[in-house]
Peer 1: 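Structure provided below as structure tokens; questions to follow.
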There are 2 protein chains.
Amino acid sequence: MKKKEHKECLSALMPVRDTLDIIGGKWKILILISVWEGNKHFREIERSIPKISTKVLSKELKEMEINKLITRTVVNGFPVRTEYTPTPYSKTLRKVIKELQRWGLNHRKEVFGR
Amino acid sequence: MKKKEHKECLSALMPVRDTLDIIGGKWKILILISVWEGNKHFREIERSIPKISTKVLSKELKEMEINKLITRTVVNGFPVRTEYTPTPYSKTLRKVIKELQRWGLNHRKEVFGR
DNA sequence: ATTATTGATTACCTTAAGGTAACTGATTAC
DNA sequence: GTAATCAGTTACCTTAAGGTAATCAATAAT
């Protein structure tokens with residue numbers, strides 16, 4: 001019986017891990033906020049996030065597209081523009097991010113004193 | 001004006017980063033749940049989490065103590081036992097973890113279809 | 001005395017994440 | 001023709017995270 005409880009506890013963690021894979025790491029939330037703010041083009045997003053490299057941005061954008069947080073559309077034109085837009089679905093993360101933010105704010109008080 | 005908005009956006013992220021530093025990574029939430037479930041001793045916790053190594057557990061427990069998620073008390077006795085117990089404060093993470101879990105569950109449906 | 005258990009620490013190695021910088025190819029401006 | 005912009009890619013290097021295994025000190029059981 002104990003074993004069963006244990007397994008259930010672990011399987012309950014899988015979704016948590018999934019979520020952390022998607023918004024965890026150093027850049028994902030930054031990028032999300034950047035596109036939420038209206039930045040659409042690769043260089044635009046790059047410039048909006050201090051210290052990010054093209055390589056990392058490129059990689060992260062791909063992963064975020066796979067995870068349906070952004071849409072990538074190539075606008076066939078003269079300087080070949082690419083547009084990244086947040087999906088409506090990405091907005092469902094707002095609540096999660098708010099919770100993370102709220103807890104983090106309170107935690108500073110708790111650890112470093114008032 | 002744009003610059004100011006940008007700075008504010010970044011500072012709002014600091015608490016999010018703090019939170020992810022504390023509960024992110026591979027093991028922290030596992031350990032938290034293990035102690036919430038009543039596991040108190042080092043070996044007990046270690047055995048409750050498949051694949052974790054003593055080194056990592058030791059390191060994580062220290063960090064979690066610093067972050068006031070667990071209390072470490074050495075019980076001077078015959079085999080010198082150490083007890084790890086979750087703090088009441090650690091329970092404030094339940095809401096956050098629930099949100100992460102909820103989103104992750106829904107995400108599987110979204111990405112891999114129903 | 002030897003072995004086992006508890007709670008770790010240490011040294012060493014592997015893997016993964018992230019950074020640096022050069023380069024491609026297309027087009028437009030000078 | 002040269003430089004610059006856009007959207008990346010590629011190769012290479014560094015750092016950080018994590019795993020493996022040996023070891024230590026204390027005590028208890030055999």
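Chain letters run A, B, ... following the sequence lines, proteins first and then strands; every chain starts at 1. Atoms considered below: every heavy atom in the structure, side chains included; atoms not considered: hydrogens, waters and symmetry mates. Here the structure is a predicted model, which means the values were calculated and not measured.
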Peer 1: With sequence neighbours excluded, what pairs up with A:Arg43 under the salt bridge (Lys or Arg N to Asp or Glu O under 4.0 Å) test?
Peer 2: A:Glu46
Peer 1: Could you give the CD-to-P distance, from A:Glu83 to D:dG8, as a whole number of Å?
Peer 2: 12 Å
Peer 1: So, using side chain to side chain contact (heavy atoms under 4.5 Å, CB included) as the criterion, who are the partners of B:Asp18 when residues are at least two apart?
Peer 2: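 Partners of B:Asp18 by the side chain to side chain contact (heavy atoms under 4.5 Å, CB included) criterion, ordered by chain and then number, come out as A:Arg108.
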Peer 1: Just jot down the ring-ring contact (aromatic ring centres under 6.0 Å, His included) partners of A:Trp103, sequence neighbours excluded, or say none.
Peer 2: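 A:His107, B:Tyr89.
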Peer 1: Shorter than 3.5 Å, N or O on both sides, protein versus nucleotides 14-21 of chain C: list them out with atom names.
Peer 2:
| unit_1 | atom_1 | unit_2 | atom_2 | d |
| --- | --- | --- | --- | --- |
| C:dG19 | OP1 | A:Lys26 | NZ | 3.3 |
| C:dG19 | OP2 | A:Trp27 | NE1 | 3.3 |
| C:dG19 | N7 | A:Lys55 | NZ | 3.3 |
| C:dG19 | O6 | A:Lys55 | NZ | 2.1 |

Peer 1: Side-chain N or O of A:Tyr84 versus OP1/OP2 of D:dG8: is the shortest distance under 4.0 Å?
Peer 2: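 For D:dG8, OP1 or OP2 has a side-chain N or O of A:Tyr84 closer than 4.0 Å.
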Peer 1: How would you list, by chain and number, every residue that makes a side-chain hydrogen bond (donor to acceptor under 3.5 Å, both in side chains) with A:Ser90, sequence neighbours excluded?
Peer 2: A:Trp36
Peer 1: Roughly, in whole Å, what's the span from CD in B:Glu65 to P in C:dG7?
Peer 2: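 These atoms are roughly 15 Å apart.
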Peer 1: Is B:Arg43 side chain donor-acceptor paired with the C:dG7 base, going by distance under 3.5 Å alone?
Peer 2: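 A donor-acceptor contact between them is present.
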Peer 1: Under the salt bridge (Lys or Arg N to Asp or Glu O under 4.0 Å) rule, what pairs show up with a residue in residues 84-97 of chain A, not counting sequence neighbours?
Peer 2: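 Qualifying pairs: none.
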Peer 1: Just N and O in the side chain of A:His41: are any of them under 4.0 Å from OP1 or OP2 of D:dC6?
Peer 2: no
Peer 1: Roughly how many Å is it from CG in B:Leu61 to C1' in C:dT9, rounded to a whole number?
Peer 2: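 Answer to the nearest Å: 14 Å.
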Peer 1: I need the CD-C1' distance between A:Glu46 and D:dC6, as an integer number of Å.
Peer 2: 10 Å
Peer 1: Could you tell me which non-hydrogen atom of A:Lys40 sits nearest to which non-hydrogen atom of A:Ile45, and how far apart they are?
Peer 2: O-CD1, 4.1 Å
Peer 1: For the helix from C:dA1-D:dT30 to C:dC30-D:dG1, how many degrees between its two end axes (five pairs per end), to the nearest 10°?
Peer 2: 20°
Peer 1: Sort and list the pairs that fulfil side-chain hydrogen bond (donor to acceptor under 3.5 Å, both in side chains) and have at least one residue in residues 50-61 of chain B, not counting sequence neighbours.
Peer 2: none
Peer 1: Output the single nucleotide from D:dC6, D:dA7, C:dA8 whose closest atom is nearest the side chain of A:Arg47.
Peer 2: D:dC6
Peer 1: So, is B:Arg72 near the phosphate of C:dA8, with a side-chain N or O under 4.0 Å from OP1 or OP2?
Peer 2: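 Yes, B:Arg72 has a side-chain N/O under 4.0 Å of OP1/OP2 on C:dA8.
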Peer 1: When you measure from the side chain of A:Lys62, which nucleotide among D:dT9, D:dC6, C:dG7 comes out closest?
Peer 2: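 Minimum distance to the A:Lys62 side chain belongs to D:dT9.
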Peer 1: Could I get the full list of salt bridge (Lys or Arg N to Asp or Glu O under 4.0 Å) partners for A:Glu83, not counting sequence neighbours?
Peer 2: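 Per chain and number, A:Glu83 pairs via salt bridge (Lys or Arg N to Asp or Glu O under 4.0 Å) with no residue.
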Peer 1: Taking atom NE2 of A:His41 and atom CZ of A:Arg47, what is their separation to the nearest 0.5 Å?
Peer 2: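 If I round to the nearest 0.5 Å, the distance is 10.0 Å.
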